[in-house]
Amino acid sequence: MKKESELLKHQLKLKTIELANKAKENQEKNRLLLNLKEKYDQVRLNPASLPVRYGEMQRILESYLKTDDKTFEIQIDELHQEFYQKLRKKFSGISKNDLRFCAYLKMGLDSKEIAAIMHIQPSSAYINRSRLRKKLNLNIEDDLHEFLNAL
């Protein structure tokens with residue numbers, strides 16, 4: 001019964017993260033589209049302003065694509081505070097990035113998915129995984145996911 005309750009709590013956390021991410025993405029897209037629509041309307045009313053507005057629209061799109069919002073990381077940190085405390089208590093030399101990496105592993109994400117979230121190469125995620133094993137005093141054959149879920 002306790003394990004089932006913990007599993008349901010974990011699933012609820014994952015769904016909460018997923019919902020928050022979707023809401024954030026929708027809000028950002030709507031903001032972008034409204035901004036571009038405004039620029040389009042300005043060009044439609046004054047066709048001579050096309051070169052200037054085109055440059056503005058291009059900068060808006062580039063800015064949108066480069067935006068590095070930390071909302072997801074903040075939510076992960078908030079949802080895994082208890083887990084982070086356990087890890088810090090057992091392994092004092094663990095960094096904030098290591099904690100996040102552990103949270104992603106605990107959530108069941110693979111190295112490629114983690115790499116995409118952390119904006120790193122998949123090979124870097126594999127290296128992080130092996131460094132994390134050392135920090136957690138685990139052997140190569142030990143399952144990192146199982147170890148983290150057992151905490």
Side-chain angles (χ1 to χ4, degrees), residues 1-41 53-151:
M1 184 82 137
K2 186 177 178 181
K3 281 193 176 199
E4 186 177 323
S5 173
E6 288 178 22
L7 179 63
L8 289 173
K9 284 181 186 178
H10 180 69
Q11 289 174 341
L12 178 62
K13 286 179 184 181
L14 292 177
K15 292 296 182 186
T16 302
I17 291 170
E18 184 180 334
L19 179 62
N21 267 344
K22 292 294 180 192
K24 178 188 70 128
E25 288 173 12
N26 286 339
Q27 182 182 21
E28 288 174 359
K29 285 178 187 174
N30 286 339
R31 189 179 77 237
L32 171 70
L33 292 171
L34 286 172
N35 203 346
L36 290 174
K37 183 184 180 308
E38 178 184 312
K39 300 297 178 195
Y40 171 79
D41 289 342
R53 299 298 174 228
Y54 176 77
E56 289 175 355
M57 286 187 268
Q58 189 173 9
R59 283 189 295 280
I60 290 168
L61 286 170
E62 287 172 4
S63 170
Y64 176 78
L65 294 172
K66 290 180 182 177
T67 300
D68 186 18
D69 191 359
K70 299 292 182 190
T71 304
F72 181 73
E73 288 86 359
I74 291 168
Q75 290 171 342
I76 290 292
D77 290 348
E78 288 175 3
L79 291 172
H80 289 91
Q81 283 303 309
E82 187 178 319
F83 176 64
Y84 289 174
Q85 288 170 358
K86 288 178 184 177
L87 276 172
R88 281 190 192 116
K89 187 176 180 179
K90 284 188 157 188
F91 308 99
S92 59
I94 200 162
S95 72
K96 188 169 188 158
N97 277 339
D98 292 334
L99 291 171
R100 279 198 186 122
F101 198 84
C102 287
Y104 297 145
L105 288 170
K106 184 176 171 77
M107 290 168 48
L109 300 178
D110 64 26
S111 292
K112 288 182 182 178
E113 293 169 322
I114 294 171
I117 290 171
M118 296 181 82
H119 306 289
I120 59 175
Q121 294 294 319
S123 58
S124 297
Y126 289 112
I127 291 169
N128 283 352
R129 188 185 284 262
S130 66
R131 288 182 181 154
L132 186 58
R133 284 179 180 284
K134 288 179 185 178
K135 288 182 182 181
L136 300 177
N137 303 318
L138 295 176
N139 296 321
I140 294 172
E141 61 274 355
D142 293 332
D143 188 327
L144 190 53
H145 179 71
E146 284 182 22
F147 174 80
L148 294 172
N149 281 325
L151 287 178

Tell me, do [X] and [Y] make a side-chain contact under 4.5 Å, heavy atoms counted?
| X | Y | result |
| --- | --- | --- |
| Tyr104 | Glu113 | no |
| Asp142 | Leu136 | no |
| Ile94 | Cys102 | yes |
| Lys96 | Tyr84 | no |
| Leu105 | Leu132 | yes |

**Request:** Give a yes or no answer on whether the side chain of Asn139 reaches the backbone of Glu141 with a donor-acceptor pair at less than 3.5 Å.
**Result:**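 No, the answer is negative, given that no donor and acceptor are paired below the 3.5 Å cut-off.
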Mind checking the [atom1]-[atom2] spacing from [X] to [Y]? Nearest 0.5 Å is all I need.
| X | Y | atom1 | atom2 | result |
| --- | --- | --- | --- | --- |
| Lys86 | Phe91 | NZ | CZ | 12.5 Å |
| Ile120 | Ile114 | CD1 | CD1 | 8.0 Å |
| Asn128 | Gln121 | CG | CD | 12.0 Å |
| Phe83 | Leu148 | CZ | CG | 4.5 Å |
| Leu109 | Ile117 | CG | CD1 | 5.0 Å |
| Leu7 | Gln11 | CG | CD | 4.0 Å |

State, to 0.1 Å, how close [X] and [Y] come at their nearest heavy-atom pair, and which atoms those are.
| X | Y | result |
| --- | --- | --- |
| Lys106 | Asn149 | CG-OD1, 3.1 Å |
| Leu144 | Arg129 | CD2-CG, 3.7 Å |
| Met118 | Asn97 | CE-O, 4.3 Å |
| Ala125 | Ser111 | CB-O, 3.5 Å |

**Request:** Step by step, work out the side-chain contact (heavy atoms from CB on, under 4.5 Å) result for Leu99 and His80.
**Result:** CA-CA 9 Å; Leu99 291 171; His80 289 91; over 6 Å; no
**Asked** Can a salt bridge be assigned to the pair Arg59 and Glu62 using a cut-off of 4.0 Å between side-chain N and carboxylate O?
**Response**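 No.
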**Request:** Start with the C-alpha gap between Lys9 and Ser5, add the side-chain angles, then the distance that decides, and say whether side-chain contact (heavy atoms from CB on, under 4.5 Å) holds.
**Result:** CA-CA 6 Å; Lys9 284 181 186 178; Ser5 173; 4.0 Å; yes
**Request:** Check the surroundings of atom CD in Glu4: do more than 12 heavy atoms from other residues, nucleotides or ligands lie under 6.0 Å from it?
**Result:**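 Counting neighbours around CD of Glu4, 12 or fewer heavy atoms of other residues, nucleotides or ligands fall under 6.0 Å, so no.
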**Neighbour count >12 (heavy atoms, 6.0 Å) for atom CD, Glu82** =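 Not more than 12 within 6.0 Å, no.
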**Derivation and outcome, salt bridge (charged side-chain N to carboxylate O under 4.0 Å, His left out), residues Glu56 and Arg53** = CA-CA 5 Å; Glu56 289 175 355; Arg53 299 298 174 228; 2.9 Å; yes
**Message:** List the residues meeting side chain to side chain donor-acceptor pair (under 3.5 Å) with Lys135, not counting sequence neighbours, and say none if there are none.
**Reply:**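 Asp98.
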